[in-house]
Number of protein chains: 2
Amino acid sequence: MTDDSVATTGRTVPPLTPAGRRVLDAASGLFYREGIHAVGVDAIAAAAGVTKKTLYACFGSKDRLVAAYLAERDDRWRDWLTSWVREHAPAPAERLPATLDALAHWLDREAPRGCAFVNALAELPSPDHPGHAVVVAQKRWMLDYFTGLAADAGHPDPDKAAAGFMLLHEGVSTVAGTGVLPDAAGHAHRMAAGLLTA
Amino acid sequence: MTDDSVATTGRTVPPLTPAGRRVLDAASGLFYREGIHAVGVDAIAAAAGVTKKTLYACFGSKDRLVAAYLAERDDRWRDWLTSWVREHAPAPAERLPATLDALAHWLDREAPRGCAFVNALAELPSPDHPGHAVVVAQKRWMLDYFTGLAADAGHPDPDKAAAGFMLLHEGVSTVAGTGVLPDAAGHAHRMAAGLLTA
DNA sequence: CCTGGAGTATACGGACCGGTGAGCTTACCA
DNA sequence: TGGTAAGCTCACCGGTCCGTATACTCCAGG
């Protein structure tokens, strides 16, 4: 097994068979839109055009399929965020605010129901669930990423700036899921400006 | 029916029988800790020491029991928040920041898994579910409450200030559910200071 | 006294849950 | 040519889901 694909998360993912690929794609859409507990394995298999037998041959259990869904979504998000920042914010000082622009576009295109990891955590209270650790790791990576960007920008207290952006990111994605505050990202952007000039 | 109890939400709640009271208490704890879909009506009835027959006589369906859980929790939160602010922040200018202190204590005492309404929304994507409207109303009330406090404090742009506090509140409660950022409320407090002096 | 609401106990129904067993076809590759 | 892996069909498992039915007890109020 030397040809496992390695993503930015550092996780190694065994390559999927074509049927396994369809299962994960179908599961990702259903889990995000309907919720994890609300979607049964029969519905996933049917949507993927695959038998349950194949689903279990590829993933072993529903819990592990959930973890795979979260891990792959985390991969996609990290790739999207980091490459957005690389392309749209060449100067170190512009990078932290640019993460909010990336988030706004992501929410618009890929996450109308808010943060998939927060939503998943709402359904997975037990730390024993294989998906739980994926969610916590995602949030921890976010915080570390912000800390690095703040340090690159020469911020006097990178930890404090990172904490502030963490709060803004979570606030924006949560509020976006409710629809009560249009242009949440815009408000966050203005608050970030105050945070960085102070 | 002239003696319905009326809470700060303006909702009228038909008075519950003793058994109905036990059902709602049991359901509230289980729904919040385990998640809505993860808890069955049999478990709720057993925890309340009540027959399913009684549960259905009092609430009609699981969906309506979920809505009652959310509505009552919203009542409790509004009472807690408004009375906290009344007692701890007599001066209008102190009231908006004081909401973050109230939130910190509430999370510590009543909401270790973060915002119950956000968690519920993660499990109730359909706007047809009776609980969906309760969640959206809760968020809208929060925004209106902040707007009022900002206006009382003489803030030049109350809507902008309210949006900022909305983001901070959602950010703090979401982050609290993940455990990756200790003292999230403290960080929010410092950001709020910058927001209000600017 | 007796009626009716609140509650009990037990059981059932049909659907769906996650998960498995046995055996078949297809296609690639040595 | 033959082996092997991927995937398929069909059937099945025990358990749980929400919701209902029948029948009995208790107790306060008119």
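What's counted below: heavy atoms across the whole structure, side chains too, no hydrogens, waters or symmetry copies. Since we're looking at a predicted model, the values are computed, not measured. Throughout, protein chains are lettered first and strands after them, A, B, ... in sequence-line order, and every chain is numbered starting at 1.
- Contact check of residues 24-51 of chain A against DNA chain D (heavy atom, cut-off under 4.0 Å) returns Gly49(A), Val50(A), Thr51(A).
- Side-chain N/O atoms of Asp101(A) and His88(A) include no donor and acceptor closer than 3.5 Å.
- Ion pairing of Asp74(B) with Arg78(B) is present here, as a side-chain N (NZ or NE/NH1/NH2) and a carboxylate O approach within less than 4.0 Å.
- Nearest approach of Leu70(A) to Phe117(A), heavy atoms of both residues: O-CE2, 3.4 Å.
- Rounded to whole Å, the distance from CG on Leu55(B) to P on dC17(D) is 13 Å.
- Looking at Arg76(A) and Glu110(A), a side-chain N of the basic residue comes within less than 4.0 Å of a carboxylate O on the acidic one, giving a salt bridge.
- Here the C1' atom of nucleotide dG19(C) and the CG atom of Leu65(A) are 13 Å apart, to the nearest Å.
- Rounded to whole Å, atom C1' of dC8(D) lies 11 Å from atom CZ of Arg22(A).
- Remark: Thr17(B) is not in phosphate contact with dA6(C), judged by side-chain N or O atoms under 4.0 Å from OP1 or OP2.
- Atoms NZ (Lys52(A)) and P (dA11(D)) sit 14 Å apart, rounded to a whole Å.
- Ring centroids of Trp80(A) and His105(A) are separated by 6.0 Å or more, keeping the two rings apart.
- Picking from dG19(C), dG19(D), dA22(C) the nucleotide with the shortest atom distance to the side chain of Lys53(A) gives dA22(C).
- Rounded to an integer number of Å, the gap from OH of Tyr56(A) to P of dC13(D) is 17 Å.
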For residues 157-172 of chain A, which side-chain donor-acceptor pairs fall under 3.5 Å, sequence neighbours excluded?
from, atom 1, to, atom 2, distance (Å)
Asp157(A), OD1, Asp159(A), N, 3.4
Asp157(A), OD1, Lys160(A), N, 3.2
His169(A), NE2, Thr99(A), OG1, 3.1
Glu170(A), OE2, Lys139(A), NZ, 3.0

